[in-house]
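First the structure, in the form of structure tokens, and then the observations on it.
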There are 2 protein chains.
Amino acid sequence: MNAEVRLMKNMLEANDQVAANNRDFFASQDMLVLNLIGSPGAGKTTLLLATLDQIDDYNVAVLQGDIETNIDAQRVAQTGTPVLQLNTHGACHLDARLVQQGFQEMSITPDILFIENIGNLVCPAQFDLGETAKVVVVSVTEGDDKPYKYPATFHCAGAVIITKLDLLEHTDFSIDRFLDGFRAVNKVAPCFPVSARTGQGLRPWLAWLKEQCSKVKTEAV
Amino acid sequence: MNAEVRLMKNMLEANDQVAANNRDFFASQDMLVLNLIGSPGAGKTTLLLATLDQIDDYNVAVLQGDIETNIDAQRVAQTGTPVLQLNTHGACHLDARLVQQGFQEMSITPDILFIENIGNLVCPAQFDLGETAKVVVVSVTEGDDKPYKYPATFHCAGAVIITKLDLLEHTDFSIDRFLDGFRAVNKVAPCFPVSARTGQGLRPWLAWLKEQCSKVKTEAV
């Protein structure tokens, strides 16, 4: 094993340890924690805003990952939802330590914590944050070949959301071709095609979200 | 400096050394080498195909980077352009060594070599390949905030191409807002809004490309 591979292994192991602590803590607080992963511009924040609008009977908080700026955190803050910006200043993914520190700083215990990761379909999937599940967000404008090209990311998804469904008719995206690729690497996770802009398809995603929330609380009993 | 930062520095330095060799070699052969960087689904391959179609008076070759699959290389091969697939098998960026090995394997000397990097707007910008220039590709569907959120990538661009202009009317993308963000980090690189699908806007990009090609040959004299 060369130095680079060994160091990457050490980094991931150290991260996994902090992530395991995060996971234990989140479970002890009956929290559902979702790690939103997707390309730049996949529509993670817009989906988040449309979702927050529909779950006001839950206590929700957001950790907003970005390399620079707090554009997205400001958008979330306008909804009144507690949000903390996590800037990585160059790094291409959030890690478990950043999430731990950010969450401690917020000093609240929501029912649901959304962690919006850095816009990147590759690296975030490798770093466990201690989330309950990873939610992979992919837009129809990115093309239906994404599960074929980024199998590791889709393999570890607890759910997949296909966004920008209102643009479907203007693209060559085939939901069937996407699902063929997705099912080749992930047999179980549900897939929700939605348009956060029009509201189309949001209901099944929200139902899944609430179901996961109940499950977390039931498992804790 | 901790072990992780030190190793990253060493890795980048080792990469820069190979990249410098690549650059010297490409210059000695009067080759224009463009490193195409953009998010997954930004439209890099579609832009490349539309471009190849318009420059058949040049000898062109393509190194096609992907984590897995050869979907994009197959698309390029159908045009008759020499293409070699570079699979990183998990790695989120191409590096100078992969490009060196791939190019040696092709054993041709084109006027223009396009290197399509891994779909990722973050990491590829950090790894010099020895290219003449980086061309950053961003689609209108990704949103006009990208230069604000990924300043390092746009800072190092030799040119920027805004793709999917045919979808502009269906999005909130503002070219002015994009350019404001882009000019804040890069005062000199040209920006070409195009639709590879309709051909709109391709002419200035092709003119720039040919100008760069002449410049490489002139500088070599």
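All chains are named by letter (A, B, ...) in the order of the sequence lines, taking the proteins before the strands, and each is independently numbered beginning at 1. In this text, all values refer to a predicted model and were calculated from it rather than measured experimentally.
Minimum interatomic distance between H170(A) and R197(B) (heavy atoms only, all atoms of both residues): O-NH1, 3.0 Å.
Per-residue heavy-atom pair counts under 4.5 Å with chain B were compared for T141(A), V138(A), N87(A), and the maximum is reached by T141(A). Put simply, of S139(B), C92(B), G143(B), the one with the most heavy-atom pairs under 4.5 Å next to chain A is C92(B).
Few gaps surround CZ on R23(A); more than 12 heavy atoms of other groups in view lie less than 6.0 Å from it. Within 6.0 Å of atom CZ in R203(B), 12 or fewer heavy atoms from other residues, nucleotides or ligands are found, so the atom counts as exposed in its surroundings. Within a 6.0 Å radius of NE2 in H155(B), no more than 12 heavy atoms belonging to other residues, nucleotides or ligands are found.
Between N120(A) atom CG and N120(B) atom CG the span is 4.0 Å, to the nearest 0.5 Å. Distance NZ/K164(A) to OG1/T171(B): 8.5 Å, rounded to 0.5 Å.
In this structure, the portions of D172(A) lying under 4.5 Å from any heavy atom of chain B include both its backbone and its side chain. Contacts of K149(A) with chain B are made by both backbone and side-chain atoms, with heavy-atom separations under 4.5 Å.
Against chain B, the residues from residues 65-86 of chain A that qualify, each with a non-hydrogen atom under 4.5 angstrom away, are D66(A), I67(A), E68(A), T69(A), I71(A), D72(A) in number order. Using a 4.5 Å cut-off between non-hydrogen atoms, the part of residues 37-53 of chain B that approaches chain A consists of S39(B), P40(B), G41(B).
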